[in-house]
Amino acid sequence: MVALVTGAAGFIGSHLCDMLLSKGYEVIGLDNFCTGNKDNIKHLINNNLFMLVKHDIIQPISFQVDQIYNLACPASPDYYLFNPVKTIKASVIGTINMLEIARRKNARILQASTSEVYGDPEIHPQNEGYLGRVNTIGPRSCYDEGKRVAESLMINYHKKYKVDVRIARIFNTYGPRMAINDGRVISNFICQALKDEPITIYGNGEQTRSFCYVSDLITGIVKIMEQKEIIRPINLGNPDEINIIELAHMVLRLTGSKSKMIFKPKPEDDPMRRKPDISFAKEKINWNPGVDLEEGLKRTIQYFENILPNKKE
Ligand code: NAD
Ligand code: UDP
């Protein structure tokens with residue numbers, strides 16, 4: 001089996017390549033390195049089953065493959081807001097290009113969608129039937145609406161051309177290989193704590209998220225791909241909800257840091273509450289995340305301790 005992984009040099013994509021290679025797949029890892037990092041995949045370069053291709057999915061390309069995991073897209077708010085038009089293009093034109101490979105080569109394709117399709121939700125927890133509350137002209141829309149179009153493209157390629165599609169709605173995921181500077185809350189808090197720098201809380205910190213450790217997520221993604229006939233979107237996330245202040249306290253405790261908390265303005269349209277309903281994933285692919293937040297944070301802290309320049313002694 002040959003799998004194409006777009007976004008292979010990114011945080012999630014690099015772990016996915018590891019998992020597929022360990023299962024005996026041949027893997028083509030594609031990335032334009034706009035937010036990814038060669039260090040995430042350097043251990044794979046001499047693996048005969050792995051091939052790295054530098055390419056932007058906004059440009060058409062073709063491969064003979066059995067499966068496509070389409071993960072290429074800037075994912076952290078800081079990065080996707082840096083170039084919003086490119087972000088939309090990655091989700092829309094990029095997804096069309098990947099669907100065209102799937103259509104021509106008869107490959108199964110999985111789209112990395114997101115809990116952001118629910119926007120700032122009015123129902124809690126969020127299940128797949130909820131249609132979402134996204135501000136089409138807000139700053140986050142380049143990402144949210146791009147991903148919503150990507151889902152629509154998947155469903156319409158299935159209806160029109162019988163392409164075998166999968167849609168994973170991924171909730172906040174964390175772990176080793178997150179980029180130091182990508183601006184997401186877990187990497188920010190850990191790096192700030194390890195340097196005894198102020199922990200930046202946006203807003204009053206009462207907003208919640210539910211964090212899934214990366215190995216759990218990868219297991220879920222691969223299970224969705226391997227399952228027959230599962231066209232509907234499927235939530236993947238850890239339902240263990242925590243507010244941002246509690247998260248900051250936890251990171252401070254686990255790092256033994258002396259950092260103080262400082263408060264900064266809450267970004268526009270930043271969702272207040274987020275927690276996945278994973279009943280469908282449990283029923284359909286028998287998936288349940290197993291790594292709790294404390295254990296996952298310890299592993300992630302260890303990773304950043306090893307790679308962080310200028311950390312405190
Ligand atoms: P990441 O930024 O670490 O990885 C994205 C990768 O895609 C990077 O290596 C980047 O260089 C590459 N890329 C971006 N645009 C590209 C393009 N046009 N052509 C080729 N490569 C391109 O982010 P991540 O956290 O690993 O996210 C991976 C996927 O999962 C994304 O699609 C993201 O939307 C989705 N997702 C992630 C989370 C999360 O919490 N990490 C949550 C929901 C959805
Ligand atoms: N956040 C924060 N401090 C930071 C980075 C993020 O308080 O240094 C908050 C952010 O406002 C949001 C939550 O943490 O409410 C999760 O942010 P992240 O960017 O990790 O993910 P997303 O907003 O995409 O869920």
Side-chain angles (χ1 to χ4, degrees), residues 5-16 29-38 40-41 53-59 61 69-81 83 86-95 97-98 110-118 120 140 143-144 146-147 150 168-175 177-179 182-192 198-212 214 217-218 221 235-237 242-245 247-248 251 261-274 276:
V5 176
T6 76
F11 158 52
I12 296 176
S14 62
H15 287 282
L16 178 61
L30 182 152
D31 209 292
N32 70 351
F33 297 98
C34 70
T35 64
N37 186 340
K38 281 202 176 105
N40 288 341
I41 42 167
V53 178
K54 185 167 186 233
H55 181 79
D56 192 319
I57 60 163
I58 295 169
Q59 304 304 326
I61 192 165
Y69 290 87
N70 188 30
L71 274 62
C73 182
S76 118
D78 281 8
Y79 284 164
Y80 63 67
L81 293 170
N83 195 335
K86 261 211 106 178
T87 301
I88 300 175
K89 283 185 179 171
S91 282
V92 179
I93 303 174
T95 301
N97 287 333
M98 295 307 110
L110 179 143
Q111 173 64 23
S113 186
T114 168
S115 52
E116 291 277 332
V117 299
Y118 301 124
D120 192 1
R140 297 170 90 97
Y143 183 70
D144 304 1
K147 291 286 187 178
R169 286 191 183 149
I170 303 169
F171 283 64
N172 296 67
T173 300
Y174 71 102
R177 301 189 195 152
M178 292 183 89
D182 87 359
R184 283 183 272 197
V185 68
I186 290 203
S187 43
N188 271 9
F189 284 5
I190 292 177
C191 295
Q192 290 161 347
I199 304 281
T200 51
I201 311 279
Y202 300 164
N204 61 12
E206 283 174 14
Q207 69 271 35
T208 69
R209 293 293 187 271
S210 308
F211 295 100
C212 185
V214 65
L217 179 85
I218 300 297
I221 288 182
N235 284 345
L236 289 180
I242 184 170
N243 79 29
I244 296 304
I245 294 273
L247 176 71
V251 170
M261 292 185 207
I262 57 165
F263 291 83
K264 295 198 161 188
K266 188 157 170 281
E268 193 181 332
D269 293 336
D270 189 309
M272 257 325 278
R273 292 189 78 187
R274 183 181 290 153

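Here the structure is a predicted model, which is why all the values come from computation and not from measurement. Each ligand, and each atom within it, is numbered from 1 in the order the structure gives. Note that these values count all heavy atoms, side chains included, but never hydrogens, waters or copies made by symmetry.
If you look at Arg140 next to ligand 2, the close heavy atoms, those under 4.0 Å, all belong to the side chain. With a 4.0 Å heavy-atom cut-off, ligand 1 is reached by no atom of Glu116. At a heavy-atom distance under 4.0 Å, only side-chain atoms of Asn172, from C-beta outward, approach ligand 2. Under 4.0 angstrom from ligand 1, there are no non-hydrogen atoms of Ser76. Contacts of Asn32 with ligand 1, taken as heavy-atom pairs under 4.0 Å, involve both backbone and side chain.
Ligand 2 lies within reach of Pro267, whose nearest heavy atom is under 4.0 Å from it. For the ligand labelled ligand 1, residue Lys147 lies inside the 4.0 Å heavy-atom shell. Using a 4.0 Å heavy-atom cutoff, Tyr143 is listed among the residues neighbouring ligand 1. Under a 4.0 Å heavy-atom criterion, Cys34 is in contact with ligand 1. Ligand 1 lies nowhere less than 4.0 angstrom from a heavy atom belonging to Ala179. Heavy atoms of Arg209 approach ligand 2 to within less than 4.0 angstrom. For Gly183, the closest heavy-atom approach to ligand 2 falls below 4.0 Å. Heavy-atom distances between His55 and ligand 1 reach below 4.0 Å in at least one pair. Within the structure, ligand 2 lacks Lys264 among the residues with a heavy atom less than 4.0 angstrom away. Contact annotation: Thr6 has no heavy atom less than 4.0 Å from any atom of ligand 1. Residue-ligand proximity: Lys89 is placed with every non-hydrogen atom at 4.0 Å or more from ligand 1.
Of all protein heavy atoms, the one closest to atom 17 (O) of ligand 2 is Val185 CB, 4.0 Å. Scanning all protein heavy atoms for the shortest distance to atom 43 (C) of ligand 1 gives Ile170 O, 3.0 Å. Ranking the protein heavy atoms by distance from atom 27 (O) of ligand 1 puts Ala75 CB, 3.5 Å first. Gly10 CA, 3.4 Å is the protein heavy atom nearest to atom 4 (O) of ligand 1. Nearest protein neighbour of atom 11 (O) of ligand 2, counting heavy atoms only, is Asp270 OD2, 2.4 Å. The protein non-hydrogen atom at the shortest distance from atom 18 (N) of ligand 1 is Asp56 OD1, 2.8 Å.
Every atom of ligand 1 is numbered from 1 in the order shown, and the set under 4.0 Å from a heavy atom of Ile57 is 17 (C), 18 (N), 19 (N), 20 (C).
The N/O atoms of Ile201, backbone and side chain alike, include none that comes under 3.5 Å of an N/O atom in ligand 2. Residue contacts with ligand 2: Arg274 is placed with a nitrogen or oxygen under 3.5 Å of a nitrogen or oxygen of the ligand (distance criterion only).
Asp120 contributes no side-chain N or O that, together with a main-chain N or O of Asp269, makes up a donor-acceptor pair within less than 3.5 Å. With Asn40 contributing its side chain and Ala9 its backbone, the two residues share a donor-acceptor pair below 3.5 Å.
Tested against Glu116, the residues Arg274, Lys147, Arg169 include a single salt bridge (Lys or Arg N to Asp or Glu O under 4.0 Å) partner, Arg274.
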- Under the side chain to side chain contact (heavy atoms under 4.5 Å, CB included) rule, what do Tyr80 and Arg140 come out as? Steps first, then yes or no, please. CA-CA 8 Å; Tyr80 63 67; Arg140 297 170 90 97; 3.6 Å; yes

